[in-house]
Amino acid sequence: MTNLWINNHLDIRYYIGNGILEYVCGLPQGEAWKIRGMKGHSPEDFRKFNLEREKLVNERMKDKQVQNKLTDFIKETLFVFNALIGEKKNKIKQYLDKEFYFILGAPRSGGTFLFRNIADSVHFPWEKLLQKMIHDNIPNGFFMRDKGEDINALGWRSPKKHLNVLFQISQMLVYFQREVADKPVVVKNISFCYAVRLLDSIFEENAQYIVSIRHPGGVSLSRSKGYGVENNQTEKESDFHIWYTLYHEVVRDGLPKGKIIPLLFGDEMNNFLKDFYKKHSPDIEPEKLSLFNREYDTDFWNKEEFREKMDYLVSLWDIKGLKFPKITEIL
């Protein structure tokens, strides 16, 4: 006997996404987009909307038919999940054999703008799908990163989180197979910045990673205006830390088999979309990014400590054979 194998029961609870519960409960799929919008929304209105949806889910989950639908969905998810953890992707080719566009980047950096336009160009019907399945919701960020968002933290690499993230990606794949089996898929999730290597192990050459990049000063001020947060020094420093960590993590584990496409907020995004539409939807004119004149705290953002870290990202991406823009203008 040269090898001995044992089976071990792992005491791990697996997370079922809220979007899946809404899906099996039969809640209308496109309603969240009407409340959330694509160019800003009231956080309070969106919170109330989600609370109402939660109440409906809790009520409908008492129904035996809904429970059976959830059981059926979980069984299919477990089939995909076991194929992923068992490295038997040949069993789930039908779930993976399409193009996947993952929109990454810091919050308020143009990611939703890219998501909407890329989805429209490849005829991915985002408006008819659950927002919680395709836009900053699943996998849950708790499983993707560690508290504090420190550079080189374990995040999804810790065993329990790793398996939970795979289980949530499996839920996504089942949902897409049921709803848009014959379409390319477009997903925006900031948390995927932490897990490009994990996505690569699943999707390989079928994935493209579109990375929206904006000056941290523009990100910080836009965030404060969008969410009613005071743009003081503490908030700016926190925003920069998150900004820096996200773009560092994208290339932390090396290059994926799929293509990484960094896009600077502004004309570079518009030019990319113009070419993208020519290829995928030549009869449609792409939307142009709206830019606003705002008073930025240039003295704060020109501090040497920020410039040095931004320059380091340029060098780090260059080592990987990628071009991270040397950002000079705050937009």
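All figures in this text were calculated on a predicted structure; none of them were measured in a lab.
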Any donor-acceptor pair under 3.5 Å linking the side-chain atoms of [Y] with those of [X]?
{"X": "Tyr277", "Y": "Asn117", "value": "yes"}
{"X": "Gln29", "Y": "Glu179", "value": "yes"}
{"X": "Lys91", "Y": "Asn82", "value": "no"}

Just checking [X] against [Y], ring centres under 6.0 Å apart?
{"X": "Tyr101", "Y": "Phe276", "answer": "yes"}
{"X": "Phe102", "Y": "Phe203", "answer": "yes"}
{"X": "Phe113", "Y": "Phe265", "answer": "no"}

Are any side-chain N or O atoms of [X] and backbone N or O atoms of [Y], one a donor and one an acceptor, separated by less than 3.5 Å?
{"X": "Asn206", "Y": "Phe100", "value": "no"}
{"X": "Asn271", "Y": "Asp267", "value": "yes"}
{"X": "Asn140", "Y": "Gly17", "value": "no"}
{"X": "Asp200", "Y": "Val196", "value": "no"}
{"X": "Tyr247", "Y": "Ala106", "value": "yes"}
{"X": "Trp156", "Y": "Tyr194", "value": "yes"}
{"X": "Ser220", "Y": "Pro216", "value": "no"}
{"X": "Gln171", "Y": "Tyr15", "value": "yes"}
{"X": "Asn270", "Y": "Leu289", "value": "yes"}
{"X": "Ser238", "Y": "Thr234", "value": "no"}

For [X] and [Y], which heavy atoms make the closest approach, and how far apart are they?
{"X": "Gly217", "Y": "Ile330", "result": "C-CG2, 3.9 Å"}
{"X": "Met61", "Y": "Cys25", "result": "SD-SG, 3.8 Å"}
{"X": "Val165", "Y": "Leu198", "result": "CG1-CD2, 3.5 Å"}
{"X": "Ile35", "Y": "Asp45", "result": "CG2-O, 4.0 Å"}
{"X": "Pro125", "Y": "Lys183", "result": "CD-CG, 4.4 Å"}
{"X": "Ser109", "Y": "Ser212", "result": "OG-OG, 2.7 Å"}

Between [Y] and [X], is there a side-chain heavy-atom distance shorter than 4.5 Å?
{"X": "Gln168", "Y": "Asn164", "result": "yes"}
{"X": "Val211", "Y": "Trp317", "result": "yes"}
{"X": "Ile134", "Y": "Phe124", "result": "yes"}
{"X": "Phe167", "Y": "Pro139", "result": "no"}
{"X": "Leu331", "Y": "His215", "result": "no"}
{"X": "Ser281", "Y": "Asp120", "result": "no"}
{"X": "Ser158", "Y": "Asp146", "result": "no"}
{"X": "Ser222", "Y": "Arg214", "result": "yes"}

Passing option when Ile210 is tested against Val186, Leu104, Ile103, Ile260 for side-chain contact (heavy atoms from CB on, under 4.5 Å)
Ile103
Test applied, side-chain contact (heavy atoms from CB on, under 4.5 Å); reference residue, Ser170; option that passes from Tyr95, Phe81, Phe79
Phe81
Within a 6.0 Å radius of atom [atom1] on [X], are there more than 12 heavy atoms belonging to other residues, nucleotides or ligands?
{"X": "Glu304", "atom1": "CD", "value": "no"}
{"X": "Lys303", "atom1": "NZ", "value": "yes"}
{"X": "Lys69", "atom1": "NZ", "value": "no"}
{"X": "Glu44", "atom1": "CD", "value": "yes"}
{"X": "Glu305", "atom1": "CD", "value": "yes"}
{"X": "Asp97", "atom1": "CG", "value": "no"}

Run the salt-bridge test on Arg157 and Asp253 with the 4.0 Å N-O cut-off and return the result as yes or no.
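A salt bridge links Arg157 with Asp253.
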Is it true that Lys34 and Glu31 make a salt bridge, defined as a side-chain N closer than 4.0 Å to a carboxylate O?
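Answer for the salt bridge query: no.
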Measuring from [X]:[atom1] to [Y]:[atom2], what's the distance to the nearest 0.5 Å?
{"X": "His248", "Y": "Arg252", "atom1": "NE2", "atom2": "CZ", "result": "8.0 Å"}
{"X": "Leu316", "Y": "Asp311", "atom1": "CG", "atom2": "CG", "result": "12.5 Å"}
{"X": "Ile20", "Y": "Leu130", "atom1": "CD1", "atom2": "CG", "result": "8.0 Å"}
{"X": "Cys193", "Y": "Tyr209", "atom1": "SG", "atom2": "OH", "result": "12.0 Å"}
{"X": "Ile261", "Y": "Gln208", "atom1": "CD1", "atom2": "CD", "result": "4.5 Å"}

Apply side-chain contact (heavy atoms from CB on, under 4.5 Å) to Arg145 and Glu249, showing your working.
CA-CA 10 Å; Arg145 59 185 184 270; Glu249 291 296 291; over 6 Å; no
What verdict does the side-chain contact (heavy atoms from CB on, under 4.5 Å) test give for Trp243 and Phe306, after you've listed the backbone C-alpha separation in whole Å, the side-chain angles of each residue and the deciding distance to 0.1 Å?
CA-CA 11 Å; Trp243 182 92; Phe306 297 138; over 6 Å; no
When you measure from the centre of the six-membered ring of Phe240, is the NZ or CZ of Lys309 under 6.0 Å away and within 45° of the axis?
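Pair Lys309/Phe240 does not count as cation-pi.
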Does the pair Glu22 and Val57 meet the rule for a side-chain contact (heavy atoms from CB on, under 4.5 Å), with working shown?
CA-CA 6 Å; Glu22 292 185 6; Val57 166; 3.9 Å; yes
side-chain contact (heavy atoms from CB on, under 4.5 Å) for Val251 and Phe324? Distances and angles first, verdict last.
CA-CA 11 Å; Val251 296; Phe324 190 91; over 6 Å; no
